[in-house]
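Everything below concerns the one structure shown next.
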There are 2 protein chains.
Amino acid sequence: MGRGPTSKDVARLAGVSQSTVSYVMSGKRSISAETLRRVEEAMAALNYQPHAGARALAGSRTNTIAIVMPFASAYDAGQLMAFVEEFVLAARVHDYDVLLVTAEEGIEGLRRITGGRQCDAAVVMQVTAQDQRADLARTLDFPVIFIGVPEDTTGLACVDFDFEAAGRLLVEELADLGNTRLSVLGWGADSVGRDYNYIGRFARGVTGAAEAHRLPVDWHLAPAADGFAAVLDAGLHPDGGRTGIIMTAGLSGGMRALALRGLVPGRDADVVALCTEAEAEEQVVPLTAVSTQPRDVSRMVAERLFALIDAGCPAQEGVDIVPATLVRRASTGRA
Amino acid sequence: MGRGPTSKDVARLAGVSQSTVSYVMSGKRSISAETLRRVEEAMAALNYQPHAGARALAGSRTNTIAIVMPFASAYDAGQLMAFVEEFVLAARVHDYDVLLVTAEEGIEGLRRITGGRQCDAAVVMQVTAQDQRADLARTLDFPVIFIGVPEDTTGLACVDFDFEAAGRLLVEELADLGNTRLSVLGWGADSVGRDYNYIGRFARGVTGAAEAHRLPVDWHLAPAADGFAAVLDAGLHPDGGRTGIIMTAGLSGGMRALALRGLVPGRDADVVALCTEAEAEEQVVPLTAVSTQPRDVSRMVAERLFALIDAGCPAQEGVDIVPATLVRRASTGRA
DNA sequence: TTGTAGGCGTTATCAT
DNA sequence: ATGATAACGCCTACAA
């Protein structure tokens with residue numbers, strides 16, 4: 001494998017010193033128009049690409065960001081992809097590349113990457129309430145952004161979707177439609193406060209809004225939502241009441257349960273969901289839904305991260321929240 | 001941001017020369033048990049991590065592999081994720097990291113990454129019949145593996161799923177079930193030979209097997225499959241015949257079309273698909289299907305790639321094919 | 001505006 | 001079995 005041209009080769013061809021080539025690239029000092037032209041021509045002629053390793057060594061900047069991804073997780077793959085794509089694009093704009101690290105490597109992965117100076121910053125996805133990586137990050141003196149909110153956010157930079165508002169919006173939509181009770185198919189009330197606290201935040205949003213509207217709520221755990229099936233079998237709208245349905249986890253299972261009983265969303269009951277745009281639109285009846293917006297989250301992460309990098313700070317405490325919005329579709333047909 | 005300990009620090013603490021530390025890491029010369037112990041203790045005590053850039057510069061090995069990914073493409077996100085996860089895991093086993101490059105960067109992305117020696121090899125996904133990146137790779141003297149098969153594979157290392165066998169298996173299954181004609185909802189006959197030639201290979205598999213079984217086939221282009229809807233409306237089983245359905249692209253649209261007419265796969269018609277396992281199982285009636293196996297492809301790619309890297313070859317011409325298998329589910333209920 | 005030179009942290013070739 | 005030491009390719013004071 002050929003070694004490829006170096007800045008020295010460029011310099012020779014352009015008839016300048018090697019440092020001039022370097023300064024042409026960095027723009028850190030003024031160059032005469034003539035010199036600039038000659039150097040750029042030489043670079044083009046040789047198809048010169050600076051050696052990333054040498055650059056990292058001398059400049060102590062890798063122009064690489066690591067992103068710690070929870071592959072085999074509860075996350076939806078489409079969401080993950082969208083997030084990553086958007087992030088890579090944003091990174092490229094700043095002339096950064098993206099290194100992939102699996103969450104399975106755990107805390108050691110973070111240590112390895114940061115210790116080896118393979119990157120200038122890291123993004124850690126799907127953070128849990130008690131996340132060891134948060135503790136590590138605090139001691140690291142290295143810019144890390146967390147997606148998700150650990151219990152103790154001291155000294156941490158976090159970004160997350162507004163799950164609480166999501167829960168609230170869904171409840172209010174069903175309330176506005178005249179529903180008098182709610183059936184929630186999701187992570188379930190007993191998951192509140194466990195691992196990922198977005199579950200808890202969503203539940204809080206639902207509960208708060210339901211109380212405000214005096215709507216009784218019954219929760220059913222997906223995917224083994226026998227209770228949910230029982231509700232459907234018992235009749236959704238007993239004695240003049242009207243049951244609105246909220247789906248979070250186990251969407252496809254829930255939709256199947258409805259279909260098997262001949263229940264059509266929007267006709268026989270109002271159904272809303274917390275899911276991706278794609279999921280909402282793929283259903284037999286497209287769902288009115290609040291969609292977590294991975295691209296918005298991604299942009300916010302990128303923005304914040306590059307601010308940190310440019311500032312040279314290790315981290316800048318604070319939780320950024322990406323707003324939630326509801327999109328109406330056919331599953332809440334009547335007005 | 002602290003500079004972190006160097007091998008020099010380790011050497012000092014262990015009371016040895018810096019080169020000894022290096023040799024302890026590489027194992028390229030024998031070390032006395034005593035020295036080994038002292039060096040390892042020092043490394044642990046300082047939490048030493050070798051500087052990746054310096055290592056790449058001196059050793060001309062990055063221990064990084066770039067993977068060029070088609071984010072916003074026809075690929076299913078779940079497939080992509082599975083592929084990538086499996087690949088990252090395999091890479092880690094060989095002590096390699098993975099750099100993400102978007103296909104949107106096109107040919108320049110490949111050039112940039114390889115030129116800058118940011119990686120020791122690259123994987124290019126979703127290769128088209130006439131792929132510029134293939135031409136570049138041939139001139140590159142750099143190990144590249146392609147997923148997908150360009151028209152001219154001279155000097156190229158390619159891996160792909162056996163789409164032809166997939167088509168054949170699906171047809172044979174429907175034939176065995178007593179169907180007398182086929183309706184295919186997919187990329188359509190006119191897509192054959194265009195961009196991604198797996199479409200053509202799949203079509204060839206279908207056509208070949210259909211001819212062997214003397215089954216007439218009508219093709220319908222997804223997603224605007226009006227023709228498909230017409231077939232459903234015209235009645236699937238005219239005068240004693242029986243129409244088997246094959247779905248490829250536009251699966252959800254096709255399933256919806258059936259559902260809207262009250263047609264249940266496995267009861268009213270045999271339905272088979274080329275899709276992911278997840279898709280096959282998510283449907284209201286789980287589908288008998290041939291599933292592209294991203295993890296199998298990934299493993300084959302990794303295996304081949306590390307063989308190349310270890311051998312120091314730029315590439316090793318040849319097309320590896322990942323076998324196709326059919327899994328029976330409820331959508332072909334009757335025997 | 002431009003050139004010179006030292007150093008970044010490894011690897012690998014000499015020696016010993 | 002181990003120590004010096006010269007690259008590796010680039011960045012950046014320091015000079016001019």
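Residue numbers begin at 1 in each chain, while the letters A, B, ... track the order of the sequences.
- Between the side chains of A:D120 and A:T62, at least one donor N or O sits under 3.5 Å from an acceptor N or O.
- Nucleotide D:dA7 holds its C1' atom 11 Å from the CZ atom of A:R3, rounded to whole Å.
- Atom P of nucleotide D:dC10 and atom CD of A:Q49 are separated by 11 Å, given to the nearest angstrom.
- Toward the 5′ end of DNA chain C lies the nearest nucleotide of A:S30, the other residue of the pair A:S30 and B:V21 mapping further downstream.
- Considering only heavy atoms from C-beta on, A:I31 comes within 4.5 Å of A:Y23 through its side chain.
- Contacts of B:G4 with the nucleic acid, taken as non-hydrogen atoms under 4.0 Å apart, are absent.
- Taking only side-chain nitrogens and oxygens, B:R55 never comes nearer than 4.0 Å to OP1 or OP2 of C:dG9.
- Judged by distance alone with a 3.5 Å cut-off, a donor-acceptor contact links the side chain of B:S19 to the base of D:dA4.
- OP1 or OP2 of D:dT2 has at least one side-chain nitrogen or oxygen of B:T35 nearer than 4.0 Å.
- Distances shown here put a side-chain N or O of B:K28 below 4.0 Å from the OP1 or OP2 atom of C:dA12.
- Look at CD on B:Q18: it is 13 Å from C1' on D:dA7, rounded to the nearest Å.
- Listed pair B:S60 / D:dC8 fails the phosphate criterion, with no side-chain N or O lying under 4.0 Å from OP1 or OP2.
- Between C:dT10 and B:S7, a contact under 4.0 Å exists linking OP1 or OP2 to a side-chain N or O.
- Computed from coordinates, the B:R12 CZ to D:dG3 C1' distance equals 16 Å when rounded to whole Å.
- The shortest distance between side-chain heavy atoms of A:M125 and A:L80 falls below 4.5 Å.
- Using a cutoff of 4.0 Å between basic side-chain nitrogens and carboxylate oxygens, A:E303 and A:R299 are not scored as salt-bridged.
- Residue A:T6 places none of its side-chain N or O atoms closer than 4.0 Å to OP1 or OP2 of D:dG9.
- Annotation: of the two residues near DNA chain D, B:L36 and B:A58, the 5′-most nearest-nucleotide partner is B:L36.
- When the side-chain nitrogen and oxygen atoms of B:Y23 are compared with OP1 and OP2 of C:dT13, none of them lie within a distance under 4.0 Å.
- A distance of 3.0 Å separates CZ in B:R92 from CZ in A:R112, rounded to the nearest 0.5 Å.
- Whole-Å rounding puts the B:K8 NZ to D:dT5 P distance at 13 Å.
- When rounded to the nearest whole Å, the span between CG of B:L57 and P of C:dA12 equals 12 Å.
- For A:T20, a side-chain nitrogen or oxygen approaches OP1 or OP2 of C:dG3 to under 4.0 Å.
- Remark: P of C:dG9 and CZ of A:R117 are 8 Å apart, rounded to the nearest angstrom.
- Annotation: of the two residues near DNA chain D, B:R29 and A:M25, the 5′-most nearest-nucleotide partner is B:R29.
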